[in-house]
Engineer: 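Right, I'll just put the structure down here and ask away after.
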2 protein chains.
Amino acid sequence: MPRKPQQQRAKATVDSIVEAGFICLGRYGIEGSTTRHIADVAGIGVGSLYEYFANKHEVMDAMYQRVVADVVAMIQPLTPQLVKMDIREAVRTLLYDFRELLMRDDGRYLKYAGHAVNIAHRDNLEPINKILMDLVVQYVMHHPEVMKMPNIPVMSYIVINGGMFSVIRHLGETSPMITFDQLAEGLVDMVGHIVDGELRKVETI
Amino acid sequence: MPRKPQQQRAKATVDSIVEAGFICLGRYGIEGSTTRHIADVAGIGVGSLYEYFANKHEVMDAMYQRVVADVVAMIQPLTPQLVKMDIREAVRTLLYDFRELLMRDDGRYLKYAGHAVNIAHRDNLEPINKILMDLVVQYVMHHPEVMKMPNIPVMSYIVINGGMFSVIRHLGETSPMITFDQLAEGLVDMVGHIVDGELRKVETI
DNA sequence: GTCCTAATCCGAATTGAATCCGAACAATAA
DNA sequence: TTATTGTTCGGATTCAATTCGGATTAGGAC
């Protein structure tokens, strides 16, 4: 039965807990961060933590909310300008601002985002990445015309990572906005358009 | 100090533990799956589990290895055929086979993949998704020419999810194969090519 | 100023899951 | 058979998360 902070000092306490959460995440990792760590860093007793958060997970949630809120707060005021730009320029702007946000404060948000998207298994994901990269190489060897394409490594990285994530996320969705068939056709077209577009880019030089 | 299984029955035990891990994951979720649960389902004592796995996390790792191995085993023999196909057909084939694998056995692998890519926070990711979708809508309103594009929702889904994941993953990478600038330009071109390609598709009808 | 109440803070005690360990139980070899 | 090594087991231990009851403080009433 967590309580809502009412007095000013309580709000400060809640804030210091979330703050400490980020610090501990950077210092001890997500598993290593005990409630005692967090309370110590926040400069409060363990019990106080449970006045405002039902459990440790809720602290993480609050951290998450903060990241999300900041991302939204970043995009919202940017929208009017983005909307007027050329689409490529808009994407570019968004990407760099997004990075700036994630890197802020020694990458504190990035560390959280990394865990949220579980990069713990980053290294073990390698085999899949590798075999897909191999596939790309083999494919290119069989289709000499696409060899002229620049950025093959970059585009592969994007397509492989982005594609896998989209599919996994979609399959896990309880009530997806789009069907799997639509997603699949979309990915197919995406890859097709990228190849066509990149090749066209080269030809017109 | 986990041990390598040497006798046949020990190998069977190890296997039953990994197997039980998948079952428990489906039954109790990732947090709810205690070592005792796993041991019970595997039909062994808790202690036996620790003969072969240093800790619970290693059991999860073994499960992960299995998923990865199966994905690789799926792609490997497929490569010769994929390589001969038209690229769109190849992507399509790969996607459906990938889904089939993840869905196998009542989605046991998908459940793991979902946790590995932490879909726990799926719902809370919504605000970011929403604001980006809004951005797309606003953008389209300011650029009537792209309104003719079909698949706007699908392409947005792919670009938003795939793009965010690629960026977060890349920023978390310790020794990235490509620079952030390359990734960003790649994403920019990807979006550009998709828009161009989709519009061209419509025009040529 | 004093009093009172609710809000806040605390940390020792409890709980429960992960992990360890040593005894008991198979397999294998000599 | 006996010795040796591999395997299984579940009670004992450890450690972090969570609870609880009391101490402390803010802020309004008088």
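Order of the sequence lines sets the chain letters (A, B, ...), proteins ahead of strands, with each chain counted from 1. Since the structure is predicted, the reported quantities are computational estimates derived from the model, not experimental observations.
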Engineer: Tell me if a side-chain donor or acceptor on A:Tyr52 pairs with a main-chain N or O of A:Lys11 at a distance below 3.5 Å.
Structural biologist: no
Engineer: Listed by chain and number, what are the ring-ring contact (aromatic ring centres under 6.0 Å, His included) partners of B:Phe98, not counting sequence neighbours?
Structural biologist: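 With neighbours one apart ignored, the set is empty.
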Engineer: In whole angstroms, how far is the C1' atom of D:dG10 from the CG atom of B:Leu49?
Structural biologist: 13 Å
Engineer: Between A:Arg3 and C:dT8, is there a side-chain N or O to OP1/OP2 distance below 4.0 Å?
Structural biologist: yes
Engineer: With sequence neighbours excluded, what pairs up with B:Tyr139 under the side-chain hydrogen bond (donor to acceptor under 3.5 Å, both in side chains) test?
Structural biologist: none
Engineer: Ignoring hydrogens and geometry, is there a side-chain-to-backbone donor-acceptor pair from B:Ser166 to A:Asn161 under 3.5 Å?
Structural biologist: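 Not a single qualifying donor-acceptor pair exists.
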Engineer: Hey, does the side chain of A:His170 reach the backbone of A:Ile178 with a donor-acceptor pair shorter than 3.5 angstrom?
Structural biologist: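 Confirmed, A:His170 side chain pairs with A:Ile178 backbone.
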Engineer: Using a heavy-atom distance cut-off of less than 4.0 Å, which residues of residues 7-19 of chain A contact DNA chain D?
Structural biologist: A:Gln7, A:Arg9
Engineer: With A:Glu198, which residues qualify under salt bridge (charged side-chain N to carboxylate O under 4.0 Å, His left out), at least two apart?
Structural biologist: A:Lys201
Engineer: Given atom CG of B:Asp40 and atom P of D:dC9, what is their separation to the nearest angstrom?
Structural biologist: 11 Å
Engineer: Are the side chain of B:Glu89 and the backbone of B:Asp86 linked by a donor-acceptor contact shorter than 3.5 Å?
Structural biologist: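 No, B:Glu89 side chain to B:Asp86 backbone: no donor-acceptor pair under 3.5 Å.
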Engineer: Below 3.5 Å is the cut-off: list the nitrogen or oxygen pairs between protein and nucleotides 15-22 of chain C, distance only.
Structural biologist:
from: C:dA18; atom 1: OP1; to: B:Lys56; atom 2: NZ; distance (Å): 3.0
from: C:dA18; atom 1: OP2; to: B:Thr35; atom 2: N; distance (Å): 2.9
from: C:dA18; atom 1: OP2; to: B:Thr35; atom 2: OG1; distance (Å): 3.2
from: C:dT19; atom 1: OP2; to: B:Tyr50; atom 2: OH; distance (Å): 2.8
from: C:dT19; atom 1: OP2; to: B:Lys56; atom 2: N; distance (Å): 2.8

Engineer: Measure the distance from CD on A:Glu58 to C1' on D:dT19 and round it to the nearest whole Å.
Structural biologist: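 Roughly 15 Å, once rounded to whole Å.
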Engineer: Which residues pass the side-chain hydrogen bond (donor to acceptor under 3.5 Å, both in side chains) test with B:Tyr28, sequence neighbours left out?
Structural biologist: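 In terms of side-chain hydrogen bond (donor to acceptor under 3.5 Å, both in side chains), with neighbours along the sequence ignored, B:Tyr28 is linked to no residue.
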